[in-house]
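The structure appears below as structure tokens.
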Amino acid sequence: MPDPSLGQGPLYARIADQIEQAITGGMLPAGTKLPPQRNLAFDIGVTIGTIGRAYHLVRERGLVSGEVGRGTYVLDNADLRPAEQADPMTAALAGTRPIKAPPGKLRFDSTAAPDIGQGKSLEKVLIDISREHHADIASYARDFPAHWFEAGSQWLAKGTFRPLPDRIVPTLGAHAGAVAVIAAVTAPGDKIAFENITYSQISRSAGLIGRRTILLRTDDYGLDPDDFERVCAQQHPKLAFLMPTAQNPTVVTLSLERRQAIADIARRYGVWLLEDDLYGAMTGDMTPLLAELAPERTFLVGGLSKSVAAGVRGGWVACPPHFSQRIRIAHKMVSGGMPFLLAELCARLVLSGEAAILRSRSIEEIRAREQMAREIFSGIEFNSHPHVPFLWLKLSEPWFSGTFKHAAFEEGVLVDDEDEFKAGRTDSVFHRVRIGFSSPADRNEVRRGFLTLRRLLDSGRTGYDSFA
């Protein structure tokens, strides 16, 4: 909504300038209908004549068209679109988040590990590596030392499961590892199954290299095994991407019974399983991994970004027997290769125990912020876990996911609407948003953001009418 108190010059010119900024900044995309002049005048407390002059001015600037009886609409002017809207393919790849986050906003649309002062730990290890490996950090990493694989084996272990070092591939994070697996075991045109709401950046990456997405139905308990079998029988996917523990964004953890059913179905239909345990590794949940239930067909990916340091783009893939070399080559092809400095840093952090210490401290900070969320959003339905840096919040009437996201943006808070997590087109509607709370610098900032969102939720119809 325009704010008449901002800007310089006559009142109508300030309003026109703010409308232009909203159009060129992407907040009012082509085809958007501006509010009726009388309604906008009432909402911001000015005369209808002032709004009429502002609309006339933006029309003169070629930004909108006024149609008698229909209203005022934003024109489709390619020269005025932000970069992420100028090209449809770019927009499709970017999802619903801005490519460049606007400055001055609280980042509740990210789940990177919180800043707990890990820079000091990283500094010391990096100094040691640079002092001991002058030649290695100045060249390509052609030889992978054994401790790189041992570190991955240790970091991906859970309960009684520990992958053998010779089945480990060091990667540029879990995302790069997942894409390498997709590139290695599927071909262009192959179908990959995703839950209807999930970490959709993997599906967009798969589409970029020519794979086709098919969707799996979920319920309050996670992936529905019956639907997985139906899709396997009818659609014949080559691979399924799953997050069985602390699923992103729903925070749901699959029961052992469902995991066993999924493993059996995948085995029966010859489907590869790609298991993302980034958040699951933080929960302490000891339910057996798919990699333990179906080790001959499951690729397990994990890394350091959510629990240790997001800037350390390090991770590992644990592969079925005889696949590590193929995944290692595929990872090199799709990512450019593993730099020595990064792989050595990750290995030392894990094997020294420093990564485990940092993870414990991150979880402690996340726990405090999640408890704060429970207090501030008391009475509102949401899914969360004390060790996971986001919550999946149910919106009350009359909020829609996208409308609430826009309203939060206007109030200075970036959140993710549900469309950000849809792997493909689906009729499923959740009326939820994901609130990631690990990125703000301190708990005071988190509290401020939570209180802002709570106020919006409580505003009900007034908030909806103001921002719709």
What is the distance from atom CG of Asp277 to atom NZ of Lys158, rounded to the nearest 0.5 Å? 3.5 Å
Salt bridge check: are Lys405 and Glu410 linked by an N-O gap of less than 4.0 Å? no
Side-chain heavy-atom pair Leu106, Glu445 within 4.5 angstrom cut-off: yes
Using a cut-off of 6.0 Å, state whether more than 12 heavy atoms not belonging to Asp143 lie near its atom CG. no
For the side chain of Lys306 and the backbone of Ala281, is there at least one donor-acceptor N/O pair under 3.5 Å apart? no
Does any non-hydrogen side-chain atom of Leu358 lie less than 4.5 Å from one of Ser307? no
Among Arg367, Arg359, Glu364, find the one that has a side-chain hydrogen bond (donor to acceptor under 3.5 Å, both in side chains) with His387. Arg367
Between Ser153 (side chain only) and Phe149 (backbone N and O only), is there a donor and an acceptor less than 3.5 Å apart? no
Could you give me the CA-CA distance, side-chain angles and deciding distance for Asp285 and Thr253, then say whether side-chain hydrogen bond (donor to acceptor under 3.5 Å, both in side chains) is met? CA-CA 9 Å; Asp285 183 87; Thr253 292; 5.2 Å; no
N-O pairing of Glu354 and Arg361 below 4.0 Å: no
Could you walk me through whether Arg162 and Glu150 pass salt bridge (Lys or Arg N to Asp or Glu O under 4.0 Å), step by step? CA-CA 10 Å; Arg162 178 164 181 166; Glu150 177 61 30; 2.4 Å; yes
Do any N or O atoms from the side chain of Arg259 and from the backbone of Leu254 form a donor-acceptor pair under 3.5 angstrom? yes
Result of checking Leu156, Val181, Leu274 against Val317 for side chain to side chain contact (heavy atoms under 4.5 Å, CB included): Val181
Expected output: side-chain Ser203 to main-chain Ser200 donor-acceptor under 3.5 Å: yes
In this structure, is the centre-to-centre distance between the rings of Phe382 and Trp392 below 6.0 Å? no
May I ask you to decide whether Arg454 forms a salt bridge with Asp458, counting only side-chain N to carboxylate O separations under 4.0 Å? yes
Least distance between heavy atoms, Ala246 atom then Gly280 atom: CB-N, 4.3 Å
Describe, in one word, how the ring planes of Trp316 and Trp155 are oriented to each other, choosing from parallel (under 30°), tilted (30 to 60°) and perpendicular (over 60°). tilted
Taking Arg369 for the side chain and Ser438 for the main chain, is one N or O donor matched with an acceptor at less than 3.5 Å? yes
Between Glu418 (side chain) and His431 (backbone), is there a donor-acceptor pair under 3.5 Å? yes
Counting only heavy atoms not in Lys191, do more than 12 sit closer than 6.0 Å to its NZ atom? yes
Arg258 and Glu229 ion-paired at < 4.0 Å: no
Between Ser352 (side chain) and Leu349 (backbone), is there a donor-acceptor pair under 3.5 Å? yes
Thr160 vs Glu292, test: side-chain hydrogen bond (donor to acceptor under 3.5 Å, both in side chains). Steps then yes/no. CA-CA 9 Å; Thr160 60; Glu292 187 172 2; 3.0 Å; yes
Heavy-atom side-chain contact between Arg447 and Met372 under 4.5 Å: yes
Considering only heavy atoms from C-beta outward, does the side chain of Pro249 approach that of Gln247 to under 4.5 Å? yes
Check step by step if side-chain hydrogen bond (donor to acceptor under 3.5 Å, both in side chains) holds for Thr186 and Arg211. CA-CA 8 Å; Thr186 68; Arg211 277 58 170 175; 2.8 Å; yes
Heavy-atom check, side chain of Ser396 versus side chain of Ile380, under 4.5 Å: no
Full working for salt bridge (Lys or Arg N to Asp or Glu O under 4.0 Å) between Glu381 and Arg432: CA-CA 10 Å; Glu381 179 183 346; Arg432 288 181 181 258; 2.9 Å; yes
Heavy-atom closest pair (Thr198 atom, Met243 atom, distance to 0.1 Å) is OG1-SD, 4.2 Å
If I compare all heavy atoms of Gly177 with all of Thr171, which pair ends up nearest, and what's the gap? CA-CG2, 3.8 Å
Is it the case that the side chain of Thr32 and the backbone of Pro29 share a donor-acceptor pair, with hydrogens and angles ignored and the cut-off at 3.5 Å? yes
What one should report as the nearest heavy-atom pair of Thr213 and Ala423 is CG2-O, 3.6 Å
Sub-4.5 Å side-chain heavy-atom contact between Leu126 and Leu341: yes
Is there side-chain contact between Phe299 and Pro320, with heavy atoms separated by less than 4.5 Å? yes
Step by step, would you call Trp272 with Phe323 a ring-ring contact (aromatic ring centres under 6.0 Å, His included)? CA-CA 12 Å; Trp272 296 109; Phe323 272 89; 5.0 Å; yes
Between Phe340 and Trp148 (judged by ring centroids, cut-off 6.0 Å), do the two rings come close enough to count as a pair? yes
Check this for me, if you would: do Arg267 and Glu296 make a salt bridge, where the nitrogen-to-carboxylate-oxygen distance has to be below 4.0 angstrom? yes
Nearest 0.5 Å, what's the CD-SG distance between Gln325 and Cys319? 10.0 Å
For residues Leu278 and Gly302, report the shortest heavy-atom separation together with the two atoms involved. CD2-C, 4.2 Å
Nearest-0.5 Å distance that lies between atom CZ in Arg455 and atom CD1 in Ile376: 12.0 Å
Rounded to the nearest 0.5 Å, how far does OG1 of Thr24 lie from CD of Gln21? 6.5 Å
Would you say the rings of Phe421 and Phe430 are close, in the sense that their centroids are separated by under 6.0 Å? no
Side chains of Leu391 and Asn383: does their closest heavy-atom pair fall under 4.5 Å? no
Aromatic plane relationship, His175 with Tyr199 - under 30° parallel, 30 to 60° tilted, over 60° perpendicular: perpendicular
With a 4.0 Å cut-off, would you call Asp190 and Arg212 a salt bridge? no
Which value, rounded to the nearest 0.5 Å, describes the distance between Ser401 atom OG and Lys422 atom NZ? 7.5 Å
Donor-acceptor pair, Thr452 side chain versus Arg448 backbone, under 3.5 Å? yes
Please check if the side chain of Arg217 supplies one atom and the backbone of Leu223 the other of a donor-acceptor pair under 3.5 Å. no
Test side-chain hydrogen bond (donor to acceptor under 3.5 Å, both in side chains) on Ser384 and Arg374; report intermediate values, then the result. CA-CA 9 Å; Ser384 71; Arg374 288 188 174 276; 3.3 Å; yes
Between atom CD of Glu195 and atom CG of Asp224, what is the distance when rounded to the nearest 0.5 Å? 11.0 Å
For the CD atom on Glu257, are there more than 12 heavy atoms of other groups (residues, nucleotides or ligands in this structure) within a distance under 6.0 Å? no
Using every non-hydrogen atom in the two residues, find where Gly436 and Thr111 come nearest and quote the distance to one decimal. CA-CG2, 4.1 Å
